[in-house]
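Each remark here refers to the structure printed beneath this line.
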Amino acid sequence: MSYKLVALGNPLLDLQTNVDAEYLKKYDLKDNDAILAEDKHAPIYQEVLGKQDLHLLAGGAAQNTARGAQYILPADSVVYFGSVGKDVYAEKLVEANKKYGLRTEYQIQDDIPTGKCAALINGAHRCLVTDLGAANHFTASHFDKPENWKFVENASHYYIGGFHLTVSPEAIVKLGKHAAENNKVFALNFSAPFIAQFFKDPLDAALPYVDFVIANESEAEAYAESHKLDVDPKDVVAIAKEVAKLPKINTKRPRTVVFTQGTQPTVTVTYNPETEDYEVQAFNVRELASEKVVDTNGAGDAFAAGFVAALVEGKSTAKAVDVGQWAAALSIQEVGPSFPFPKQTY
Ligand code: 26A
């Protein structure tokens, strides 16, 4: 059966360019962050368009993951939902997705431009400043269209970018309910520290549906702080245990929490509510010579792509982490959230 994986997120075009520390400071930006643009950031988009080293790349965190999962899986495996405008930016996204064979079922906004993300690269770090544009106007009603809901019903796995919690928590819960009621696999990425900090309520409302949480160490820390967990905010295993044991609607599946930590080991924690036991595992990342690293924009999305693709293939959590780490290593050797062609296989 085709289109086993349905992904939902904010489709964005990445405007990627190199900047120095001074540029980030001028706009009050951290060197490794992902934020929604405020008015004071508006000039950035004009400035980057004038830069010699500008790359226009298909972005949007969950869209990157969807493209990456389709890169790994057989043809016609992944369908992605989100909202775009009617403009050249959307055409660029369609073109990139076509190259990977990713099917998109966009909700199209007539009068709102496609979202964009200034991906400001500073050495090994990347700061992402997003103007959501049309992506902010996605509505759960898109799934009321029978042709779209058919994809949802047909799929076995769902992947949600946590960034979409700022847009349509209703759409996320709609998919989560369907997954839980039909014992299908539902995965959510925390996406960025600001989601746990400022979108705590929609995040908490989505978590009961989630079988797999995927996040990095700074998102884990933000979760621990915003939820006032009584743990060391640097202790990813302790935080993963807290998240893994949160109430769950589909009791036929345990919850697994996966925390990546850059070049430090990836940690997974699975909670078994019957025995009240935790299975804790740690997996070293693949070593990559520093001169091979082109940029880390999209590394986390690529990890999620490999992880979720392996789940779709019915692989174990351990194998899924391995495929995730393989995909991340591939992607950081490319400019932006991309994979190499001709295609590589793991
Ligand atoms: C709501 N926000 C801030 C966002 C994003 C986002 N994708 C969805 N929503 N901010 C940055 N990104 C994307 O993250 C990718 C790297 O992980 C960027 O477009 C970039 O491709």
Side-chain angles (χ1 to χ4, degrees), residues 7-17 29-38 41 44-45 48 54-69 80-84 89-90 92-93 96-97 100 102 106 114-122 124-138 159-169 171-172 188-199 202-203 214-216 218-219 222 260 262 294-308 324 327-328 331-332 334-339:
L8 170 65
N10 307 326
L12 305 173
L13 190 76
D14 284 1
L15 310 174
Q16 182 170 317
T17 184
L29 298 167
K30 293 185 216 152
D31 60 7
N32 224 359
D33 209 352
I35 62 160
L36 288 166
E38 297 166 38
H41 300 124
I44 293 175
Y45 299 101
V48 298
L54 174 71
H55 288 279
L56 297 185
L57 301 158
Q63 185 170 237
N64 298 339
T65 296
R67 269 199 326 278
Y80 170 79
F81 291 91
S83 183
V84 297
Y89 279 16
K92 288 232 167 249
L93 297 185
N97 293 333
Y100 286 73
L102 173 66
Y106 289 139
T114 299
K116 53 190 187 283
C117 170
L120 308 172
I121 310 292
N122 177 23
H125 304 293
R126 92 286 179 269
C127 179
L128 307 169
V129 186
T130 293
D131 174 0
L132 278 172
N136 208 17
H137 296 267
F138 185 87
Y159 177 83
I160 312 293
F163 279 129
H164 199 73
L165 287 163
T166 75
V167 175
S168 181
I172 296 171
L188 174 79
N189 198 308
F190 279 0
S191 293
F194 87 84
I195 296 294
Q197 279 161 357
F198 303 120
F199 294 84
L203 174 60
I214 304 170
N216 67 25
S218 58
E219 293 147 14
T260 61
V294 175
D295 71 65
T296 56
N297 181 19
D301 305 334
F303 173 85
F307 186 85
V308 174
S331 176
I332 61 181
E334 300 291 308
V335 176
S338 316
F339 287 88

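Both ligands and their constituent atoms are indexed starting at 1 by order of listing. This structure is a prediction, so every number in the text was calculated from the model and none was measured.
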N or O contacts of ligand 1 with protein under 3.5 Å, please list pair by pair.
residue, atom, partner, partner atom, Å
ligand 1, 7 (N), A61, N, 3.1
ligand 1, 9 (N), N10, ND2, 3.0
ligand 1, 10 (N), T130, OG1, 2.8
ligand 1, 17 (O), D301, OD1, 3.4
ligand 1, 17 (O), D301, OD2, 2.6
ligand 1, 19 (O), D14, OD1, 2.5
ligand 1, 19 (O), G60, N, 2.8
ligand 1, 21 (O), D14, OD1, 3.4
ligand 1, 21 (O), D14, OD2, 2.5
ligand 1, 21 (O), G60, N, 3.4
ligand 1, 21 (O), N64, ND2, 2.9

- Item | ring-ring contact (aromatic ring centres under 6.0 Å, His included) against F190, all qualifying residues, sequence neighbours excluded |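 F190: ring-ring contact (aromatic ring centres under 6.0 Å, His included) contacts with Y223.
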
- Listed by chain and number, what are the ring-ring contact (aromatic ring centres under 6.0 Å, His included) partners of Y106, not counting sequence neighbours?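 Y106 satisfies ring-ring contact (aromatic ring centres under 6.0 Å, His included) with no residue once adjacent residues are dropped.
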
- Message: Using the side-chain contact (heavy atoms from CB on, under 4.5 Å) criterion, which residues pair with T114? Sequence neighbours excluded.
- Response: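 side-chain contact (heavy atoms from CB on, under 4.5 Å) check on T114 returns V84, D87, Y89, A90, L93.
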
- Message: If you define the side chain from C-beta out and look only at heavy atoms, does anything of Q16 sit under 4.5 Å from N297?
- Response: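 Yes, at least one pair of side-chain atoms sits under 4.5 Å.
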
- Less than 4.5 Å apart, any side-chain heavy atom of V294 and any of E334? no

- Query: For the residue pair F138 and H164, does the interplanar ring angle fall in the parallel (under 30°), tilted (30 to 60°) or perpendicular (over 60°) class?
  - Reply: perpendicular

